[in-house]
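Beneath this line is the structure, given in structure tokens, with notes to follow.
All chains are named by letter (A, B, ...) in the order of the sequence lines, taking the proteins before the strands, and each is independently numbered beginning at 1.
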Amino acid sequence: MPNDAAEPAAGRHFIRTMIQADLDAGRVRGVVTRFPPEPNGYLHLGHAKSICLNFGVAGEFNGRCHLRFDDTNPTKEEQEFIDAITRDVRWLGFDWGQHLYHASDYFDRLYDWAEHLISAGKAYVDDQTIEQIRESRGTLTEPGRDSPFRGRANAESLDLFRRMRAGEFPNGARVLRARIDMAAGNINLRDPVLYRILHADHPRTGSTWCVYPTYDFAHGQSDAIEGITHSLCTLEFEDHRPLYDWLLDNLPVPARPRQTEFARLNLTHTVLSKRFLTELVKRGTVSGWDDPRMPTLAGVRRRGVPPAALREFVRRVGVARANSVVDFAQYEHAVREQLNRSAPRRMGVLRPLKLVIENYPEGKTELLDAVNHPDDPVAGTRQVPFGRELYVERDDYMDDPPKKFYRLSPGREVRLRYGYLVTCQRAVRDATGALDHLVCTYDPATRGGNAPDGRKVQATLHWVAAATALRAEVRLYDHLFARPDPGAGGDLFADLNPNSLETLADARVEPALAEAHVGEAVQFERQGYFCPDPDSRPGKPVFNRTVGLRDSFAKAKGRGGQAPVA
RNA sequence: UGGGGCGUAGCCAAGUGGUAAGGCAACGGACUUUGACUCCGUCACCGCAGGUUCGAAUCCUGCCGUCCCAGCCA
């Protein structure tokens with residue numbers, strides 16, 4: 001299977017190569033990976049990369065991927081996050097079958113292994129304060145100093161550790177440390193903390209424990225217990241690998257997993273940091289973890305992004321060891337590509353401008369056939385009502401248009417999509433001089449959009465019949481951050497884009513949209529991809545713009561005249 | 001002379017000694033009842049300097065740049 005020469009190069013990366021080599025050399029008999037989130041927040045686009053990598057690679061090699069919650073710190077973890085993560089991984093399209101685990105499932109074994117280490121003289125209980133430990137750890141360029149308790153007898157450490165577990169000491173009073181090397185160049189090897197006292201209830205184990213293992217003491221062993229063959233994580237854990245290996249070398253673990261690191265995903269105009277996203281939610285800067293502007297999976301889902309688009313995006317970005325920042329446009333491209341294929345076409349006018357066809361009979365209405373998808377005949381057609389009074393897009397009219405503007409303007413003939421050719425006769429203004437409506441005439445011989453005499457028009461506009469239009473709220477989103485490299489100036493919050501949300505309260509959409517359901521993407525022709533928001537109410541739909549269509553006119557305009565100040 | 005990584009086009013990224021894939025963006029053009037889509041075309045001497053070799057992005061040496069690590073977070 002992986003021998004297919006036609007396999008897309010984008011699907012080739014060093015991890016896949018490594019696994020194939022391990023299989024070929026007989027180092028592993030099958031592939032078992034895991035996605036190990038800490039339930040202290042919602043999953044974001046960065047996690048999507050890890051999920052697709054771990055589940056993807058396991059699937060390719062007929063292996064399996066576990067979902068394992070890394071729940072070793074009860075002070076930060078919550079059941080809500082466990083539920084959200086479960087939901088999001090499923091939504092992305094992956095299935096862990098029966099292999100749902102928690103690091104907390106292994107607390108008993110981990111505790112026993114800690115005692116094992118103590119008995120073997122490889123760990124000791126340290127009575128120093130957190131400050132003393134920090135102070136004696138040394139710096140990046142200076143070695144650390146031994147703790148005065150480093151030489152403590154194994155029996156004494158064992159007794160103390162048991163009493164730690166029994167709850168005899170308050171938080172922070174003592175810790176269990178590995179006895180490795182306080183002079184190691186790698187700071188993670190300077191007697192790292194293995195267990196700490198935390199009098200806190202755990203979402204799963206309740207009040208059973210008051211000592212909890214650190215990440216380092218839990219992760220590798222959990223991998224070993226589950227028979228993980230390839231433990232894939234991000235680059236910042238590279239320095240932990242010697243410790244990961246040291247623990248596995250010194251414990252009677254049932255298997256020997258290997259850790260391999262890859263670069264995490266970064267995106268322009270975006271921050272993928274749980275710490276920061278949590279802050280946005282807490283401060284109320286966004287409406288919640290699923291605010292459509294959030295780069296969380298819950299956010300992009302609500303925004304209307306299909307999971308297939310995310311999978312394809314991640315596949316194209318690739319996997320490597322070089323830190324990189326992917327252009328947000330690449331993400332948008334993947335979203336558009338997927339939606340273009342799947343989203344039915346509809347018409348919706350975001351900023352309505354009334355248009356009256358003066359030679360169209362009063363009171364007459366007719367139903368016009370419209371295709372649901374130009375590239376997919378199977379999608380069928382629908383009927384859209386047409387009448388004397390319509391709404392067109394405000395941006396599609398100009399009194400005094402520049403050269404390249406070929407939409408409506410006095411004397412200009414355009415096509416109304418699926419409808420007729422209409423000619424703008426005049427613009428009518430109200431008492432204040434503001435544009436009120438357009439008066440046009442239509443050519444009855446052009447029903448459907450083509451002129452019998454073969455004359456051409458330069459523009460085709462979307463529209464909605466005034467009498468039957470549905471009022472809708474439309475929410476337009478822009479980058480959460482105004483600059484491509486948020487935080488580069490030192491303050492992330494200062495870089496937030498004040499215009500990331502624009503609400504259009506009085507949009508008009510075609511009646512067929514009354515039946516649109518949350519999560520079902522549609523394209524508003526010439527505008528972009530939209531999907532109904534959960535805030536929708538009967539008779540009062542709310543649409544999120546997932547992403548706009550490419551707009552070469554707007555681009556050319558920006559290039560020529562006064563380009564918008566970035 | 002702390003330890004560990006990484007440097008291929010504006011942005012991702014293949015390539016593992018035989019003469020630089022692909023994608024995004026950009027720019028031209030074709031098509032068009034979405035200024036969309038689609039299609040065609042243009043766009044790299046591989047961080048720098050030496051060296052080895054018939055031949056180097058790939059091997060060696062030195063240099064430069066950049067990222068991560070001093071939580072009882074993960």
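Note on A/Pro374: a base of the nucleic acid sits closer than 4.0 angstrom, heavy atoms only. In this structure, A/Val325 reaches the sugar-phosphate backbone alone: every heavy-atom distance under 4.0 Å involves primed, P, OP1 or OP2 atoms, never a base. When heavy atoms are screened at a 4.0 angstrom cut-off, A/His240 is found touching base atoms of the nucleic acid. If you check every strand for non-hydrogen atoms under 4.0 Å, A/Lys274 touches nothing. At a threshold of 4.0 angstrom between heavy atoms, the contacts of A/Ser324 are confined to the sugar-phosphate backbone, with no base atom among them. Using a 4.0 Å heavy-atom criterion, one finds that A/Gln523 contacts the bases of the nucleic acid, with or without backbone contacts as well. Residue A/Arg174 is out of contact with every strand shown, counting any heavy-atom pair closer than 4.0 Å. Using a 4.0 Å heavy-atom distance criterion, A/Arg417 is classed as a base contact. Residue-level contact check: A/Ser136 touches neither bases nor backbone, having no heavy atom under 4.0 Å from any strand. Within the nucleic acid shown, A/Val193 comes within 4.0 Å of sugar-phosphate atoms alone, with no base atom in reach, counting heavy atoms only. The residue A/Tyr331 sits apart from the nucleic acid: no heavy atom pair falls under 4.0 Å. Across all strands, A/Ile133 comes closer than 4.0 Å to base atoms (heavy-atom distances). In this structure, A/Phe217 reaches neither bases nor backbone, as no heavy-atom distance under 4.0 Å exists between it and the strands shown. Using a 4.0 Å heavy-atom criterion, one finds that A/Asn450 contacts the bases of the nucleic acid, with or without backbone contacts as well.
Positionally, the nearest nucleotide of RNA chain B for A/Arg190 lies more toward the 5' end than for the other of A/Arg190 and A/Tyr406. Two residues, A/Thr268 and A/Ala322, neighbour RNA chain B, and the one matched to the more 5' nucleotide by heavy-atom proximity is A/Ala322.
With both ends at atom P, the span from B/C27 to B/C69 equals 38 Å, rounded to whole Å. Taking the C1' atoms as reference points, B/U8 lies 10 Å from B/A14, given to the whole Å. Rounded to a whole angstrom, the distance from the C1' atom of B/G7 to that of B/C63 is 14 Å. Comparing the same atom, C1', in B/C46 and in B/U58 gives a spacing of 10 Å after rounding to whole Å. One C1' atom belongs to B/A44, the other to B/C11, and the distance between them is 14 Å to the nearest Å.
For B/U53, there is no paired base (Watson-Crick or G-U wobble, both distances below 3.5 Å).
Checked against the 6.0 Å centroid criterion, the rings of A/Phe328 and A/Phe313 do not qualify as a close aromatic pair. Not less than 6.0 angstrom separates the ring centroid of A/Trp113 from the ring centroid of A/Phe217.
For A/Asn340 and B/A36, the CG to P distance is 12 Å, given to the nearest whole Å. Rounded to whole angstrom, the span from the CD atom of A/Glu77 across to the P atom of B/A74 amounts to 7 Å. Between the CG atom of A/Asp181 and the C1' atom of B/G2 there is a distance of 12 Å, rounded to whole Å. In this structure, A/Asn186 places its CG atom 12 Å from P of B/C69, rounding to the nearest Å. The separation between A/Leu277 atom CG and B/A74 atom P is 19 Å, rounded to whole Å.
Side chain A/Asp239 to base B/G3: a donor-acceptor pair is found below 3.5 Å. Below the 3.5 angstrom threshold, one finds no donor paired with an acceptor across the side chain of A/Arg134 and the base of B/G71.
Ring-plane geometry between A/Tyr42 and A/Trp289 is classed as parallel, the angle between the planes falling under 30 degrees on a 0 to 90 degree scale with a further cut at 60.
Counting only heavy atoms from C-beta outward, the side chains of A/Leu421 and A/Val414 never approach each other to under 4.5 Å.
Regarding contacts with the backbone of B/C37, every side-chain N or O of A/Arg345 stays at 4.0 angstrom or more from both OP1 and OP2. Within the structure, a side-chain polar atom (N or O) of A/Arg321 is placed less than 4.0 Å from OP1 or OP2 of B/C6.
Going from atom CD of A/Glu80 over to atom CD1 of A/Ile82 covers 11.0 Å, rounded to the nearest 0.5 Å. Atom NE2 in A/His102 sits 10.5 Å away from atom CD in A/Glu77 (nearest 0.5 Å).
Under a cutoff of 6.0 Å and an axis angle of 45°, A/Arg165 and A/Tyr111 form a cation-pi pair.
Ring stacking is absent between A/Tyr215 and B/A74, as the pair misses the limits of under 5.5 Å between centres and under 30 degrees between planes.
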